[in-house]
Undergrad: 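Sharing a structure with you now.
Not measured: the values here are computed from a predicted model. Indexing begins at 1, ligand by ligand and atom by atom, following the structure's order.
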Amino acid sequence: MHRRLRAPFYLVLAFLLTGGVHAQESSAAKSDLLEGHRLALLICSACHSVSADQPDPPILRPPALSFRSISKKPGATEQSLHSFILTTHSTVKMPFNMLNPQLDDDQAAAIVAYILSLKGRH
Ligand code: HEC
């Protein structure tokens, strides 16, 4: 599908999946998850295994922890993941720390919602 059409497509899909106007709140949550999934595939999948439908395995060897494993860590909360993602830095002294992916707050929130949604999955 053409890249420019994706965002509206996901919004419409989210709208349909959640039963349209009767579920506006959960429709917003659903589109957050879809956006988080999209961003994770785009930005994080070079180093993390982010989803079962990821087209290629991570390039990083060994790969960083999978998003499903991250979601299952006891300390993984919305707050802890959000602040990790927005503050982490790799530097010359700490080259193996994760780079700061330079996301804005909404993007980080969408990805965190997506990661936490993996928690119950097998
Ligand atoms: C260039 C490779 C790379 C990319 C791209 C990357 N990560 Fe990471 N990530 C790592 C490495 C390496 C670690 C482990 C070292 C660390 O904790 O800094 C890590 C750790 C993490 C952790 C902490 C895991 C734990 O142990 O609790 C989270 C959460 C995370 N990444 C989320 C993300 C998200 C979200 C993205 C995309 C926006 C992303 N990462 C993109 C390499 C990457």
Side-chain angles (χ1 to χ4, degrees):
M1 188 184 313
H2 196 282
R3 179 158 286 213
R4 276 205 333 253
L5 294 177
R6 266 194 200 153
F9 171 76
Y10 280 138
L11 286 176
V12 170
L13 184 68
F15 188 74
L16 295 175
L17 285 174
T18 53
V21 282
H22 298 298
Q24 271 174 1
E25 220 168 273
S26 64
S27 157
K30 188 88 191 178
S31 73
D32 238 27
L33 291 187
L34 290 173
E35 178 62 3
H37 179 228
R38 187 185 75 83
L39 290 170
L41 280 172
L42 198 65
I43 307 169
C44 323
S45 64
C47 303
H48 296 265
S49 172
V50 306
S51 72
D53 65 354
Q54 181 165 332
D56 297 300
I59 301 161
L60 186 69
R61 287 285 167 260
L65 212 55
S66 75
F67 278 12
R68 217 174 48 199
S69 308
I70 292 174
S71 76
K72 290 181 177 155
K73 286 180 107 177
T77 63
E78 200 176 323
Q79 166 100 62
S80 73
L81 292 175
H82 198 97
S83 71
F84 179 89
I85 291 167
L86 291 183
T87 57
T88 178
H89 293 281
S90 89
T91 63
V92 174
K93 278 192 187 153
M94 309 278 271
F96 299 112
N97 279 9
M98 192 175 114
L99 76 178
N100 185 332
Q102 308 286 343
L103 301 174
D104 68 29
D105 234 38
D106 287 349
Q107 293 171 322
I111 293 187
V112 167
Y114 169 67
I115 293 176
L116 290 174
S117 79
L118 301 174
K119 204 168 191 162
R121 303 208 197 149
H122 298 289

Undergrad: Applying a 4.0 Å heavy-atom criterion (strictly less than), which segment of Leu39 is in contact with ligand 1: side chain, backbone, both, or neither?
TA: neither
Undergrad: To the nearest 0.1 Å, how far is atom 5 (C) of ligand 1 from its closest protein heavy atom, and which atom is that?
TA: Ile43 O, 3.4 Å
Undergrad: In terms of residue, atom name and distance, what is the protein heavy atom nearest to atom 12 (C) of ligand 1?
TA: Phe96 O, 3.6 Å
Undergrad: Specify the protein heavy atom at minimum distance from atom 27 (O) of ligand 1: its residue, its atom name, and the distance to 0.1 Å.
TA: Lys73 NZ, 2.8 Å
Undergrad: Is the shortest heavy-atom distance from the side chain of Ser117 to the side chain of Lys119 under 4.5 Å?
TA: no
Undergrad: Apply the test side chain to side chain contact (heavy atoms under 4.5 Å, CB included) to residues Asp53 and His37: give CA-CA distance (whole Å), side-chain angles for both, the deciding distance (0.1 Å), then the verdict.
TA: CA-CA 10 Å; Asp53 65 354; His37 179 228; 3.1 Å; yes
Undergrad: Counting from 1, what ligand 1 atoms have a heavy atom of Ile111 closer than 4.0 Å?
TA: 35 (C), 38 (C)
Undergrad: Looking at every non-hydrogen atom in both residues, tell me the closest pair between Asn100 and Thr88 and how far apart they are.
TA: CB-O, 2.9 Å
Undergrad: With His48 as reference, evaluate Arg68, Met98, Gln54 under the side chain to side chain contact (heavy atoms under 4.5 Å, CB included) test and give the passing residue.
TA: Met98
Undergrad: Could you check whether any side-chain heavy atom of Asp56 comes within less than 4.5 Å of a side-chain heavy atom of Ser45, counting everything from C-beta outward?
TA: no
Undergrad: What residue and atom, counting heavy atoms only, is the protein's closest point to atom 17 (O) of ligand 1, and at what distance?
TA: Phe84 CZ, 3.6 Å
Undergrad: Start with the C-alpha gap between Leu103 and Ile43, add the side-chain angles, then the distance that decides, and say whether side chain to side chain contact (heavy atoms under 4.5 Å, CB included) holds.
TA: CA-CA 10 Å; Leu103 301 174; Ile43 307 169; 3.6 Å; yes
Undergrad: Determine how many protein N/O/S atoms sit closer than 2.8 Å to atom 8 (Fe) of ligand 1, leaving waters out since they are not shown.
TA: 2
Undergrad: Enumerate the residue pairs fulfilling side chain to side chain donor-acceptor pair (under 3.5 Å) with a member in residues 74-86, sequence neighbours excluded, ordered by first and then second residue.
TA: Thr77-Ser80, His82-Asp105
Undergrad: Does the protein come close to atom 14 (C) of ligand 1 - that is, does one of its heavy atoms sit below 4.0 Å from that atom?
TA: no
Undergrad: Looking at every non-hydrogen atom in both residues, tell me the closest pair between Leu65 and Lys73 and how far apart they are.
TA: CD2-CD, 4.0 Å
Undergrad: Numbering the atoms of ligand 1 from 1, which are under 4.0 Å from a heavy atom of Asn97?
TA: 18 (O)
Undergrad: Taking only heavy atoms of Leu81, which atoms of ligand 1 are found under 4.0 Å from at least one of them?
TA: 29 (C)
Undergrad: List the atom of Ser49, the atom of Pro58, and the distance in Å for their closest heavy-atom pair.
TA: N-CG, 3.6 Å
Undergrad: Taking all non-hydrogen atoms of both residues, which atom of Ala110 and which atom of Asp32 are closest, and how far apart?
TA: CB-O, 3.5 Å
